[in-house]
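Proteins come first, then strands; the chains are lettered A, B, ... in the order of their sequence lines, and each starts at number 1.
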Protein chains: 2
Amino acid sequence: MVAALERFDKIEVASAYQLVADAIEREIMSGRMRPGDSVGTEAALCAQFGVNRSTVREAIRVLEQSGLVRRGADRRLYASLPRYSGLSSRISRALILHEVTFRELWATARVLEIAAAEQAAENADAAIIALLEANQAQAEAAQDDPARLSHLDTEFHQLLAKATRNRVLELAREPAGLLFFPTTELIVRRVPEGAGRLVAAHRHLIDALKAGDAAQAALWMSRHIADWRKGFERAGRDLDEPVERVYARSVLRPPY
Amino acid sequence: MVAALERFDKIEVASAYQLVADAIEREIMSGRMRPGDSVGTEAALCAQFGVNRSTVREAIRVLEQSGLVRRGADRRLYASLPRYSGLSSRISRALILHEVTFRELWATARVLEIAAAEQAAENADAAIIALLEANQAQAEAAQDDPARLSHLDTEFHQLLAKATRNRVLELAREPAGLLFFPTTELIVRRVPEGAGRLVAAHRHLIDALKAGDAAQAALWMSRHIADWRKGFERAGRDLDEPVERVYARSVLRPPY
DNA sequence: ACATTGACTTTGTCGGACAAAGGGACAAGC
DNA sequence: GCTTGTCCCTTTGTCCGACAAAGTCAATGT
């Protein structure tokens, strides 16, 4: 039942709402429409494209979802820069559904976090270091609260990524981080010395950033990540387990 | 006109189409609905949720866009695993709009590609090496065709990432790769020895994979990426330029 | 000057409608 | 036996018109 010869390309007919979405997307990607610009009311778009409002609204859902368009507080439509967080959480969801293993997660987080530590040491400014210190102070006070500590750990690494001033790296590490660091809760719950080692590592990392010492930052991040792995295994878990759907919660509803 | 006291949380009213989308999303994320399962017709969903078809259709656009649901060849709705490629290209678009610089791109691609080379050396199997060899044969024959060579280079690195058998890494490197490697065209156009050095580096990488030599793979990848940077600068470009929108083409319409 | 009112606009949702495309069953033709 | 044409039914893509809720804005009254 297979086509005898694959001579022709699949002919693809684009539906109206797709065409509308594409048109607006091109307008934004080309720079003719800039983030913050008003896209116009639904009625106006209907008139311009000569389609029904239902069609326009479907196109808007597509654009809204890809982050190119946003509803303002006044409910009007504005062109917008896609937010990182939305993208990251969707990738994390995809990783869960693909049932990637903790080993894959760990190996990837390892290189990304070490790189982040190095680049952060080179580029961190006082403002971001202050935020890291604030995080650290809270973490030191929360060593007996696994859930809170885990949340602070996730935040610490996000701040560290921001300190790199490398938005590509910041975005690249986020999906893995979103799945990886929440497991900290499980580890500090099962491994007594886990919390102490965590805040100690964070301490050394902050100090390395302050000193602008990339090598030291990389070293302590390396230990920090190695600790995670040891803790994970001592908690009786297997690296080759797939990441559970349980983490979908923390991904679907980002921690406020 | 600020609220006197912030006693209450912002009450957020979710629109019907959002609720419908969320409900279906939860069904899929929880595993109750598995990829490939039919989601049902629009009419059926209307009946189940007790909303209008327009509302259901808007919800479907949202889910379709996030890749959780797909239209089959028969136009029916099926639950689906989000494809990597769709996600990657959207991130690349976001990076373009945020006007990230080539420096950020380079620094990130560097660590990700080196990690990919190492892990590929440890995990590559014969099948994927055969694909890399095929790519290499084409590249050697296309040294005078910058556009084609650039496309093959992008593909080479994608294959290398697949060889790692680490899907998290594979996905993490893709967005940067999608923007990074197309510049190869510009470089081999301006730098005479560029093409030769590129195929030579790929050759050494394949050999390292065959030998399972992670250190050697990392070394040659490191040189390969350093070459890119040298070529980029010799082509008269500045690393601190933002990535141009020009590349939107190659991102929006993935190379088939 | 400022709060209130009321008209106007825009969005979110609904109901119903129809053409086009695909699927399935069944008969006709080679 | 296999393909082809035909009819019917389902489903999707699109359109039209409608209305309540919420926001905007300008005129109003004090």
Side-chain angles (χ1 to χ4, degrees), chain A residues 1-25 33 36-80, chain B residues 1-4 8-25 27 33 36-80:
Chain A
M1 226 40 75
V2 155
L5 343 129
E6 291 282 345
R7 186 194 299 268
F8 295 111
D9 290 345
K10 192 182 335 174
I11 175 164
E12 65 182 68
V13 18
S15 32
Y17 73 89
Q18 262 300 346
L19 293 174
V20 170
D22 286 353
I24 298 176
E25 172 180 319
M33 189 175 278
D37 287 2
S38 172
V39 177
T41 69
E42 297 180 358
L45 293 173
C46 293
Q48 290 177 54
F49 289 108
V51 298
N52 190 272
R53 194 154 76 96
S54 311
T55 305
V56 166
R57 283 178 63 82
E58 290 189 34
I60 289 173
R61 294 299 156 250
V62 172
L63 294 168
E64 228 172 13
Q65 196 64 9
S66 41
L68 290 174
V69 149
R70 189 194 309 204
R71 293 263 178 217
D74 54 0
R75 286 187 170 180
R76 283 200 178 75
L77 284 177
Y78 297 97
S80 146
Chain B
M1 241 18 81
V2 156
F8 296 111
D9 288 347
K10 193 183 331 172
I11 175 163
E12 64 182 70
V13 355
S15 30
Y17 74 88
Q18 262 302 345
L19 293 174
V20 170
D22 287 353
I24 298 177
E25 172 181 318
E27 204 66 10
M33 189 174 277
D37 288 1
S38 172
V39 177
T41 68
E42 297 180 359
L45 294 173
C46 292
Q48 289 178 55
F49 290 107
V51 298
N52 190 272
R53 194 155 76 95
S54 311
T55 305
V56 165
R57 283 177 65 81
E58 291 188 32
I60 289 173
R61 292 301 155 250
V62 172
L63 294 167
E64 227 173 12
Q65 196 64 10
S66 40
L68 290 173
V69 149
R70 189 191 307 208
R71 292 263 177 221
D74 55 359
R75 285 186 171 182
R76 283 199 178 74
L77 284 177
Y78 297 97
S80 146

ask   = Does any N or O donor sit under 3.5 Å from an N or O acceptor when you compare the side chain of B:N52 with the base of C:dG15?
value = yes
key: Min side-chain heavy-atom separation B:L77-B:R71 under 4.5 Å   = yes
key: 5'-most by nearest nucleotide on DNA chain C - B:D74 or A:E42   = A:E42
query = Rounded to the Å, how far apart are B:L45 CG and D:dT12 P?
reply = 9 Å
ask   = Nearest heavy-atom pair of A:V39 and A:L45: which atoms, and what distance?
value = O-CD2, 3.8 Å
note = Rounded to whole Å, the CD-P distance (A:E58 to C:dT13) equals 14 Å
N/O donor-acceptor pair, side chain A:R71 with base C:dT10, under 3.5 angstrom = no
message = Need one value for A:R57: base, sugar-phosphate or nothing, where a base atom within 4.0 Å counts as base even if backbone is also close, heavy atoms only.
response = base
query = Taking NZ, NE, NH1 and NH2 as the nitrogens, is one of them in A:R61 or A:E58 under 4.0 Å from a carboxylate oxygen of the other?
reply = no
request  = Would you kindly give the CZ-to-P distance between A:R61 and D:dG13, to the nearest whole Å?
outcome  = 17 Å
query = Hey, which of these two, B:S54 or A:R75, hits DNA chain D nearer its 5' end, going by closest nucleotide?
reply = B:S54
ask   = What are the two closest heavy atoms between B:V20 and B:A59, and how far apart are they?
value = CG1-CB, 3.6 Å
query = Atom CZ of A:R76 to atom C1' of C:dT11: distance rounded to whole Å?
reply = 10 Å
key: Point-to-point distance, once rounded to the nearest 0.5 Å, from CG of B:L68 to CD1 of B:I60   = 13.0 Å
task = Compare side-chain N and O positions of A:S15 against OP1 and OP2 of D:dT12 and report whether any pair is under 4.0 Å apart.
result = no
ask   = For the pair made of OH in A:Y78 and C1' in C:dT10, what is the distance, rounded to whole Å?
value = 12 Å
request  = Please state whether the base of C:dG16 and the side chain of B:R53 form at least one donor-acceptor pair under 3.5 Å?
outcome  = no
key: Minimum-distance nucleotide to A:T41 side chain [options: D:dT12, C:dG12, C:dT11]   = C:dT11
Integer-rounded Å distance: D:dC15 P and A:F49 CZ = 13 Å
